[in-house]
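Heads up, the thing below is written out as structure tokens.
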Amino acid sequence: MSKILLLQGNQAVVEGAIAAGVKFFGGYPITPSTEIAEQLAERLPEVGGKFMQMEDEIAGIGAIVGAALTGKKVMTATSGPGFSLKQEFIGMACSSEIPMVIVDVQRVGPSTGQPTSPSQGEIMQARWGTHGDHWLIALTPASVPECFDLTLRAYALSEKYRVPVILLMDEVIGHMREKIELPDTYADIPQAERKQPTVPPEKFLPYSVDESLVPAMPAFGSGYRWHVTGLVHDETGFPKGTPEATLAAQNRLRAKIENNVDDIVQVENYKMEDAEFAVIAFGGAARTAYESVDMARKEGLKVGLVRPITIWPFAEKQVKELAEKVNGILVHELNCGQYVLEVERVVAGKVPVHLYGKYDNEAATPQELLDEIKKAMANK
Amino acid sequence: MTMEKLVEKYFRPGRLPHIWCPGCGNGIVTGAIVKAIDKLELAKDDVAVISGIGCSSRASGYLDFNTANTLHGRAIPIASGVKMGDPRLNVIVVTGDGDSTAIGGNHIIHAARRNIDLTVVIFNNNIYGMTGGQYSPLTPIHSKATTAPYTTIEPAFNIPELVKAAGATFVARATTFHAQILADVIAQGIAHKGFSVIEAVSACPISFGRQNKMGGPADMMKWQRDHGVPLAAWDKMTDEQKEGKFPIGVLHHDTSKQEYTDAYDGIIKTAQGGK
Amino acid sequence: MNLKIYTERCKGCGICAAFCPKQILKVSEIEKIEVLDDASCIKCGQCELRCPDFAINVVKEEK
């Protein structure tokens with residue numbers, strides 16, 4: 001049995017978290033993500049989970065690192081300024097391979113910016129925000145039902161690859177209300193499982209791996225006593241700073257993601273079968289783009305939409321194939337041009353790549369985007 | 001149990017000698033922690049030791065418990081998450097004066113306010129040792145540091161008063177000279193259900209002692225002997241006699257306040273009972 | 001033997017020598033602790049208690 005609800009994107013994330021089996025949230029209030037904290041404060045204790053409002057954004061992600069070490073599925077949620085503050089911990093989670101989901105409901109920045117207005121200004125920060133080379137996953141929902149689905153998927157990926165996953169939302173999606181159908185009970189929803197050791201504690205090496213390159217992660221208190229560090233470490237988990245150990249550690253963290261891009265990267269194609277021109281848009285900007293594509297089609301223009309659902313790792317293969325298929329691409333994003341840089345890199349001049357960046361606190365109207373599509377098609 | 005046996009039982013094999021400098025007090029504080037754990041007969045699986053970054057924070061890696069050497073200043077939030085995730089665990093935070101009262105200063109006062117059941121052992125060596133001798137919030141005023149070549153003009157925190165005011169329910173202090181008292185108060189802190197802070201007055205002969213002409217490691221330990229006064233004696237001293245000295249022992253112990261994870265269990269009951 | 005030294009752990013800080021009531025410990029030229037007169041050791045445990053390096057231990061007789 002299921003029920004039909006009218007929910008905000010942020011609320012759908014909360015339900016997705018409960019359905020995914022999240023048992024701990026640590027965070028700090030910040031617009032436009034606050035509803036996630038508010039509703040998890042209510043929902044988590046109902047399912048035996050715990051919510052902690054911490055003293056600051058850093059402590060919020062710090063607390064979820066701790067709870068993750070005890071085997072819990074964990075979440076924090078934030079927006080622009082808070083996302084900046086969490087970056088150091090995101091690096092630690094990459095290095096120590098601690099599964100977690102960080103929700104970032106993007107607002108206009110930099111600095112305090114426009115807290116209640118939509119933006120997609122953290123595309124590059126989501127990928128490169130923390131210091132040092134690192135690899136992680138970022139997903140971008142474009143509807144309320146997809147907020148629920150991608151929250152579940154974020155946990156599936158985070159546990160499978162022992163990597164932080166960023167659910168990169170924007171204010172449009174976070175605050176938009178839409179119809180969503182949810183099951184009456186989440187009991188039948190498959191739960192992502194954390195890989196457990198197959199050897200007894202005395203033989204356990206916390207960072208030794210099989211061909212998946214993902215180490216097992218027993219919980220603190222389970223009888224496997226191991227050491228966690230953000231220092232470069234070898235398979236024993238203890239710091240080791242030799243060039244060989246550093247190279248091995250970095251290469252494995254990269255390979256466990258890059259070897260699996262086909263599993264991780266999802267892209268939706270909308271009206272792309274016969275398209276001669278493609279719009280690339282994601283999140284809130286994609287909502288405009290669906291409509292603009294429909295309007296273009298009514299005028300006989302063979303336009304389609306390519307919507308990256310996985311923002312990071314970049315949909316390299318899909319964009320490369322796209323460049324073989326269409327004769328022009330327009331990237332529409334709610335910033336001055338971030339994702340477009342990656343598109344340009346991969347398309348590498350094969351077809352013209354245009355940008356319609358919208359960064360005036362408001363999402364584009366379908367007509368505005370359609371005008372840009374036409375302009376781009378005219379001077380392809 | 002002799003120290004030799006304690007090392008055998010509670011230290012990870014093959015990890016000594018440790019990284020600390022000759023005469024550094026960190027080894028003594030680390031030894032006091034395992035003595036305390038042994039005294040309480042805690043199972044190794046039931047202990048988590050969470051540290052931040054700095055000299056003292058390297059202690060976690062030597063100890064055969066559930067351990068994490070995390071980010072500078074952030075051990076307490078992580079430890080709070082560990083405790084919330086599995087309240088059965090005895091969660092000990094190993095941290096330095098800079099780690100816990102400068103970059104982590106906000107966290108320690110809020111964890112104290114919540115009265116969450118953590119035992120925070122602050123290795124106070126009055127300096128940033130790992131980075132080579134910069135002044136910390138615990139560097140005494142008018143001391144020299146590499147970032148205070150003309151001496152510091154900032155007064156130091158009084159850790160016990162700070163955390164007591166913030167709500168900590170067990171507060172103690174000892175020195176590496178008073179190693180047995182140190183182990184005893186750490187054991188009492190672990191046994192206390194609530195937020196416990198133990199200031200372990202330690203010495204950094206290399207990065208603090210040299211700059212401030214404190215003599216060698218033994219001289220710095222004698223300084224602790226001559227300046228740390230057991231509470232019973234302290235209470236009988238005049239203000240004049242107390243000048244420049246500090247009390248050691250259990251300075252504050254309040255069992256009347258509810259512990260945070262217990263309180264949260266009440267929230268869960270309320271939330272589930274409301275259905 | 002009253003004192004057991006783990007030479008590889010000793011860093012020669014001299015704390016044990018300074019606090020030894022019988023003055024039977026000395027830091028050698030290679031900055032390791034040496035027992036000058038084991039027979040005079042009274043097993044007070046000051047050295048073991050204060051050693052920051054877990055390098056010196058009083059040998060306890062098995063009971």
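A quick note: this is a predicted structure, and the numbers were derived from the prediction, not measured.
- Residue contact with chain C, scored on non-hydrogen atoms closer than 4.5 Å, involves the side chain of B:Lys35 exclusively.
- The contact between C:Asp53 and chain B is made by backbone and side chain atoms together, counting heavy-atom distances below 4.5 Å.
- For C:Cys51, the part lying near chain B is the backbone, with the side chain staying farther off; criterion is any non-hydrogen pair under 4.5 Å.
- The pair B:Asp184-B:Lys39 meets the salt-bridge criterion, with a side-chain N (NZ, NE, NH1 or NH2) lying under 4.0 Å from an Asp/Glu carboxylate O.
- What you find for B:Trp234 and B:Val229 is that their closest heavy atoms are N-CG1, 3.6 Å.
- Remark: B:Ser100 OG to B:Phe123 CZ distance equals 11.0 Å, nearest 0.5 Å.
- Looking at B:Phe177, the atoms closer than 4.5 Å to chain C (heavy atoms on both sides) sit in the backbone and in the side chain alike.
- No other option in B:His18, B:Met3, B:Met221 has as many heavy-atom pairs under 4.5 Å with chain C as B:His18.
- Only the backbone of B:Thr176 comes within contact range of chain C, with heavy atoms under 4.5 Å apart.
- Note that CD1 of B:Ile181 is 4.0 Å distant from CD1 of B:Ile248, once rounded to the nearest 0.5 Å.
- In this pair, B:His227 and B:Trp223 present their aromatic rings parallel. The plane angle is below 30°, not in the 30 to 60° band.
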